[in-house]
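Read the structure below first, then the notes.
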Amino acid sequence: MLSSSLGHVVKAGSIVLLFVAGFVMLLSMYLTRQPSFCKPPPRNQHQSTKPILLLWFWPEGHKFDLSDCQPEFDISECVLTDDRTIVNKAEGVLIYHKAIQSDLSNLPPRHRPPFQKWIWYNIDPPPKTQNLTSLNNLFNLTMSYRKDADITVRVRVFSRKKAEEFMLPEKDKMVCWVSDEEDLGVARDYYNELKKHMEIHVFGKAFGKPLKPEHYYSTIASCNFHLSFENSIHPDYITKTVHDPLVSGTVPVVLGPPRKNYENCIPRDGFIHVDDFPDAKALAEPWLQKVP
Ligand SMILES: *[C@@H]1O[C@H](CO)[C@@H](O)[C@H](O)[C@H]1NC(C)=O
Ligand SMILES: *[C@@H]1O[C@H](CO)[C@@H](O)[C@H](O)[C@H]1NC(C)=O
């Protein structure tokens with residue numbers, strides 16, 4: 001059975017985890033590049049010989065204690081800070097794309113020290129990533145879910161070796177879809193077609209049936225299969241809609257980039273791809289035979 005080694009953290013909120021994972025990736029980059037510069041924690045941050053990574057915006061306003069990165073992720077070779085007053089000492093400045101104002105007035109000072117790298121951090125798919133041309137020649141590194149980013153950040157999924165540790169949750173529904181998306185996007189047509197052929201239990205704001213946060217995972221867990229449909233299709237754009245069923249003991253049925261792309265992220269027998277079937281009717285067929 002599949003699970004995530006970070007499952008407990010995922011439950012605290014996959015989005016927040018993605019940000020934390022971002023730091024981990026970034027820091028591991030510094031670790032590999034600057035091993036000899038690392039010394040025990042300095043008393044005065046300003047005299048630090050460790051590279052300083054400045055978080056310019058808190059993504060989506062989700063704040064957490066940066067000192068948690070040490071015990072949680074074993075990050076100790078860098079100084080993480082959100083203190084903008086030391087921007088001139090920062091080797092890396094992490095800038096969350098969505099928070100940048102269109103007139104660029106909330107970016108760090110343009111006259112940066114020669115060693116400073118600006119890192120463009122984006123978690124959104126291309127249609128939701130706007131005003132890129134105004135950012136030409138500002139950034140040194142990219143950080144996103146894409147494999148071709150300088151720093152790729154993803155929620156990692158691992159399969160568990162010891163099956164006996166896993167108890168399959170009790171199931172009382174065959175196929176569900178839990179989504180809080182405002183817009184189901186490209187997935188809507190396939191869903192509309194599929195529901196002509198079989199019952200789909202839907203939950204979440206997308207369907208006008210909001211769930212309390214504490215019921216989110218248990219609802220997914222109560223289903224055998226979960227429709228993990230992305231609302232737009234782009235390379236590597238594989239979101240928590242796939243990871244959340246996996247950590248809940250539910251098989252995701254994915255719609256998004258090609259199967260091969262998913263297989264880079266999760267084991268090939270851990271999901272069903274809509275492209276495995278010629279159409280929605282054919283996908284529904286095996287389920288229809290199982291439903292009494
Ligand atoms: C993108 O830039 C245009 C023109 O500068 C501006 O009107 C618009 O608000 C910007 N959009 C975003 C999301 O910042
Ligand atoms: C970062 O990019 C800017 C803009 O292209 C450039 O002027 C600067 O030299 C680069 N800094 C580093 C450390 O590569």
* **Residues clustered with Y237, ILVMFWY side-chain links under 4.5 angstrom** => Y145
Assess, by modelled atom type and distance only, whether the side chains of [X] and [Y] contain a donor and an acceptor separated by less than 3.5 Å.
{"X": "T152", "Y": "K147", "value": "no"}
{"X": "H97", "Y": "W120", "value": "yes"}
{"X": "E230", "Y": "T239", "value": "yes"}
{"X": "T129", "Y": "D124", "value": "no"}
{"X": "D83", "Y": "T85", "value": "yes"}
{"X": "D150", "Y": "T142", "value": "yes"}

* To do: Mind checking salt bridge (Lys or Arg N to Asp or Glu O under 4.0 Å) for R259 and listing every partner two or more places apart, or none if nothing turns up?
  => E263, D276
* To do: Could you pull out all residues at least two apart from S67 that satisfy side chain to side chain donor-acceptor pair (under 3.5 Å)?
  =>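 With sequence neighbours excluded, S67 shows a side chain to side chain donor-acceptor pair (under 3.5 Å) to D65, given in chain and number order.
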* **Residue pairs passing the salt bridge (Lys or Arg N to Asp or Glu O under 4.0 Å) test where at least one lies in residues 188-208, sequence neighbours excluded** => E193-K196
* To do: Using the salt bridge (Lys or Arg N to Asp or Glu O under 4.0 Å) rule, collect all pairs that involve residues 125-135, keeping only residues at least two apart or in two chains.
  =>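 Applying salt bridge (Lys or Arg N to Asp or Glu O under 4.0 Å) to every pair that reaches into residues 125-135, excluding sequence neighbours, yields nothing.
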* Are the aromatic rings of W56 and Y96 close, with centres under 6.0 Å apart? ->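 Ring centroids of W56 and Y96 are no less than 6.0 Å from each other.
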* To do: Could you pull out the closest heavy-atom pair between G270 and L246, with the gap in Å?
  =>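 In this case the closest contact between G270 and L246 is O-CD2, 3.7 Å.
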Table please: side-chain donor-acceptor pairs of residues 108-116 below 3.5 Å, with sequence neighbours left out.
from	atom 1	to	atom 2	distance (Å)
R110	NH2	L104	O	3.4
R112	NH1	L138	O	3.1
R112	NH1	N140	OD1	3.0
R112	NH2	L138	O	2.5
Q116	OE1	W118	NE1	3.0
Q116	NE2	V87	O	2.6
Q116	NE2	A90	O	3.0

* pair F207-W177: side-chain heavy atoms closer than 4.5 Å -> yes
